[in-house]
Protein chains: 2
Amino acid sequence: MTTRTAAQRRQDARVAYDAYLATCPARRLLDRISDKWVSLLLNALADGPQRYSDLSRTVAGVSQKMLTQTLRTLERDGLVTRTVTPAVPVRVDYGLTPLGVSLLPVMRAIKDWAETHIEEVAAAQESYDAQVNAQERHS
Amino acid sequence: MTTRTAAQRRQDARVAYDAYLATCPARRLLDRISDKWVSLLLNALADGPQRYSDLSRTVAGVSQKMLTQTLRTLERDGLVTRTVTPAVPVRVDYGLTPLGVSLLPVMRAIKDWAETHIEEVAAAQESYDAQVNAQERHS
DNA sequence: CAGTATCCCTCATGATACTG
DNA sequence: CAGTATCATGAGGGATACTG
């Protein structure tokens, strides 16, 4: 009799992995920049600071909730600055920090690979799908 | 009377954005590599091909479902190869394609930025949290 | 203007059980 | 060994309404 079943061992491994991934810098960065709105916001701010309402127009389709939530996270991470100008009505400007700017080349590297190899990926997908279809006809 | 309300316009914009993002190469790549298991699998295969059962051990914590699902997607995208050796029992080897290998430097760039700037991010978070706490005490 | 608060619902993931 | 099929759940995201 083993003290733990295979299922329990796998579950333990998963918990350990989650803990590891929670602290892994690369993992955390990937989680951030892969967020639907993060890349769009960083891109929008790359050309210069913008107000909250400007961003909601530039990045059309984003809900107020997600815009605020995403900006807060980026601010907390030190990637964007939030500048409040007390007035009536209040004015808030968002802009990239030097840290945020330093991330742009990485985003660009991702974009470059994607655009360079998109054709190859598309071809691979087509060929894969064709084979799957062919096999289905034989069954 | 306008023909569309602000809510309708935002919804339309969201649909349009989703359609755009579905075709945007950089967006699609980000979606792939940000997948929890993709980066781990690519890393595991970077050192050479592995069998299905090897991968499930190397990448401990992954369920059969996600392992298979992720490998299928990577195969379809042309990033990994799947080689079946008919025998009893059957043997299946997975390995990186040249396309898959070409992606490794990009992953490395992400990892490098993360590890280089993790301290700055952590410091920013600490400072942010401290300010939030201070403000809560004043309310 | 720049948010906050709430409800709701979908979708991705994981556990479990079964198979050629 | 290398999967497939089915079910359950929970966290993320959107719509809506309200506020200093």
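Side chains included, hydrogens not; waters and symmetry mates left out as well; all remaining heavy atoms used. We name chains A, B, ... by the order of the sequence lines, and we start the count at 1 in each one.
As rounded to whole Å, 10 Å separates atom P of C:dG3 from atom CG of A:D93. The nearest whole Å value for the distance from the CZ atom in A:R57 to the C1' atom in C:dG3 is 15 Å. When the P atom of D:dA2 is taken as reference, atom CG of B:L67 falls 10 Å away, rounded to whole Å.
Under 4.0 angstrom from either OP1 or OP2 of D:dG3 there lies at least one side-chain N or O belonging to B:Y94. Dashed line: the shortest gap from a side-chain N or O of B:R91 to OP1 or OP2 of D:dG3 is not under 4.0 Å. Checking the phosphate oxygens (OP1, OP2) of C:dA2, a side-chain nitrogen or oxygen of A:S53 falls inside 4.0 Å. For the OP1/OP2 pair of D:dG3 and a distance below 4.0 Å, the side-chain nitrogens and oxygens of B:R82 include at least one atom meeting the criterion. Note on A:R51: every side-chain N or O is 4.0 Å or more away from OP1 and OP2 of C:dC1.
Not a single side chain to side chain contact (heavy atoms under 4.5 Å, CB included) links B:A122 to another residue, sequence neighbours left out.
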How does protein reach along nucleotides 6-20 of chain D, written 5' to 3' as B (base within reach of a heavy atom under 4.0 Å), S (only sugar-phosphate), or - (no contact)? -------BBB-B---

Watson-Crick and G-U pairing of DNA chain C, under 3.5 Å, as dot-bracket with | and [ ]: ||||||||||||||||||||

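Side chain of B:T58 to backbone of B:A44: no donor-acceptor contact under 3.5 angstrom is found. The closest donor-acceptor contact from the side chain of B:S34 to the backbone of B:L30 lies under 3.5 Å.
Placement of B:V80 and A:Y128 in two distinct hydrophobic clusters is found when ILVMFWY residues are connected by side-chain heavy-atom separations under 4.5 Å, directly or transitively. Note: the hydrophobic cluster containing A:W113 does not contain A:I118 (ILVMFWY, side chain heavy atoms under 4.5 Å, direct or indirect links).
Annotation: the span from A:T83 atom OG1 to A:R91 atom CZ amounts to 10.0 Å, rounded to 0.5 Å.
For the residue pair A:S39 and B:R27, a side-chain donor N or O sits within less than 3.5 Å of a side-chain acceptor on the partner.
Each of A:T97, A:L42, A:V38 was compared with A:L103 under the side-chain contact (heavy atoms from CB on, under 4.5 Å) criterion, and only A:L42 meets it.
The pair A:D12-A:R9 fails the salt-bridge criterion, with no side-chain N (NZ, NE, NH1 or NH2) lying under 4.0 Å from an Asp/Glu carboxylate O.
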